[in-house]
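For ligands, and for the atoms within them, numbers begin at 1 and follow the listed sequence.
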Amino acid sequence: MQKTASPKTYRVKSFGCQMNVYDGERMAEMLAEKGITEAPEGEDADLVVLNTCHIREKAAEKVYSDIGRLTKGKTQKKAPMIAVAGCVAQAEGEEIMARAPAVSMVVGPQAYHRLPGMIDDAVAGKRSTDTDMPADAKFAALPKRRKSAPSAFLTIQEGCDKFCTYCVVPYTRGAEISRPYSALVDEAKKLVEAGAKEITLLGQNVSAWTGEDDRGRKLGMAGLIRELAKDPDLKRIRYTTSHPADMDDELIDTHGEVGKLMPYLHLPVQSGNDRVLKAMNRSHTAESYLRLLERFRAARPDLALSGDFIVGFPGETDAEFEDTLKVVDQVRYAQAYSFKYSPRPGTPAATMENQIEPQVMDERLQRLQAALRRDQQAFNEASIGKTCEVLVERRGKLDGQWLGKSPWLQSVHFTGDAEIGDLIEVKLIQAGQNSLAGEIVA
Ligand code: SAH
Ligand code: SF4
Ligand code: F3S
């Protein structure tokens, strides 16, 4: 690789989950600290960070096509310095280096605090790869939080020890670690000072978080939420994503007792059939999942529920798929994500027998999504007439229009006197599939 000028502008492109969005923000902060500024919309960047996801489909192929577009002048006029970060970097680092000479550096999700040094190497003409996985080291090395949108992410837990048989996350994000309590309280405070009204606590298994408070008492996520809720300037708390195995009574009680904890729970079930769940290495049954949700709903009756589903796991029969529809019919999700099973290299399910035909998966996905759309529409319609606070996140397309989120995480638009970051009392008057219209309550 040739020596090159130091990059002056950057662009970070994040794919995948909210944790990647969080990581993307932290990388941006680090680049800013190094004196590199964000490239304005529509202009070339000297450095492009592709913050990749490996969860499904041909995610890796997408990275190669993005790299090709960047170097062939399709995305911007001049080819930038390219860094590949995120979960594809972790899973296929060496391969990327071999296959894509235009890539200057590959950096895994646990090593991106080393990005500034790797940029210096690239300027000196040296390519580098760092996919080490030292638990927690990166957080201490990152710069302080500077500016925040009204709704901010805060990674509290990372990695996964659950090893669901279809999933790459335990391999790309490593073993479960919890960030220390004091670091989280501190980062939350900084985010609030920087303008956050809402914080979403993030983790691949967020409710597996454990820590100790200043006096050495053991805490779970419920304790952390209660502590964060004491900050008068923080108005809303959310968390995602949870695994049914880690939900304890204290957390359920917290939903009933802490008003700032928003009435929304994303709790993936994946399948409604116990044989499939077992083959997936999920530790719950359909029944235990439904009972758990009942307890949450008893604590917080207006709780909006969300989930994740996989159709076409190897060996899934028609009858087994029907069980998933039955769970949907019982839960009536406010909103949910559903995917066709995608074999991930290196995971146990990828080599299981009876992989399902694509057409069968398509058909199942369509049926499932029709049921989920039906319930989402019904949930939104049932909100009509309710008055709630909307956290204003951005301007809408129309003059004087604002977009924000209801407590139940619905997108709400309204017109009138507001600012980004305001919590505005709004009456919900019209419901669509993906958003609601509201009017300001005088
Ligand atoms: N930690 C979370 C979510 C992890 S990934 C949890 O355990 O619930 C987000 C979602 O992607 C998963 O919930 C699952 O529904 C889906 N997913 C993961 N691996 C997949 C695969 N190989 N094929 C299809 N969907 C997958
Ligand atoms: Fe993947 Fe399962 Fe871990 Fe979720 S709990 S990240 S689906 S292995
Ligand atoms: Fe994707 Fe990695 Fe998140 S695989 S979903 S970016 S943890």
Using a strict cut-off of 2.8 Å, how many protein N/O/S atoms surround atom 1 (Fe) of ligand 2?
1
Do NZ/NE/NH1/NH2 and the carboxylate oxygens of E257 and R226 come within less than 4.0 Å?
yes
Identify the closest protein heavy atom to atom 4 (Fe) of ligand 2: which residue and atom is it, and at what distance?
R282 NH1, 4.4 Å
For atom 5 (S) of ligand 2, state which one of Q270, H243, M280, E176 supplies the nearest heavy atom.
H243
Tally, protein N/O/S atoms nearer to atom 1 (Fe) of ligand 3 than 2.8 Å
1
Hey, is K8 close enough to D46 for a salt bridge, meaning N to O under 4.0 Å?
no
Under a 4.0 Å N-O cut-off, is there an ion pair linking R367 with E322?
yes
Could you tell me whether K326 and D323 have a side-chain N and a carboxylate O separated by less than 4.0 Å?
yes
What atoms of ligand 3 come closer than 4.0 angstrom to any heavy atom of Q204?
7 (S)
Is D274 salt-bridged to K278, cutoff N-O under 4.0 Å?
no
Assess whether a salt bridge exists between D302 and R300, defined as any Lys/Arg side-chain N lying under 4.0 Å from an Asp/Glu carboxylate O.
yes
Would you mind telling me which of K405, K235, K260, R238 makes a side-chain hydrogen bond (donor to acceptor under 3.5 Å, both in side chains) with E198?
R238
Pairing of D318 and R364 as salt bridge, 4.0 angstrom limit
yes
May I ask whether R173 has any heavy atom positioned less than 4.0 angstrom from an atom of ligand 2?
no
Flag for H54-T172: side-chain donor and acceptor within less than 3.5 Å
no
Under a plain distance cut-off of 3.5 Å, with no hydrogens placed, do Q359 and E363 share a side-chain donor-acceptor pair?
no
Pairs where residues 163-181 contributes a residue and the test salt bridge (Lys or Arg N to Asp or Glu O under 4.0 Å) is met, not counting sequence neighbours:
D23-R173, E158-R173, K162-E176, R179-E187
Under a 3.5 Å threshold, yes or no: a donor from one side chain and an acceptor from the other, between Q410 and N380?
yes
Examine R26 relative to Y112 and say whether NZ or CZ is less than 6.0 Å from the centre of the six-membered ring and inside a 45° cone about the ring axis.
no
Are R114 and D121 within salt-bridge range, i.e. N to O under 4.0 Å?
no
Salt bridge check: are E294 and R291 linked by an N-O gap of less than 4.0 Å?
no
List, for ligand 1, each N/O atom that has a protein N/O partner under 3.5 Å away, with both atom names and the distance.
residue  : atom   : partner : partner atom : Å
ligand 1 : 1 (N)  : Q204    : O            : 2.6
ligand 1 : 11 (O) : R56     : NH1          : 2.8
ligand 1 : 13 (O) : Q270    : NE2          : 2.8
ligand 1 : 13 (O) : D308    : OD2          : 2.6
ligand 1 : 15 (O) : Q270    : OE1          : 2.7
ligand 1 : 22 (N) : Y166    : O            : 2.9
ligand 1 : 22 (N) : S342    : O            : 2.8
ligand 1 : 23 (N) : S342    : N            : 3.0

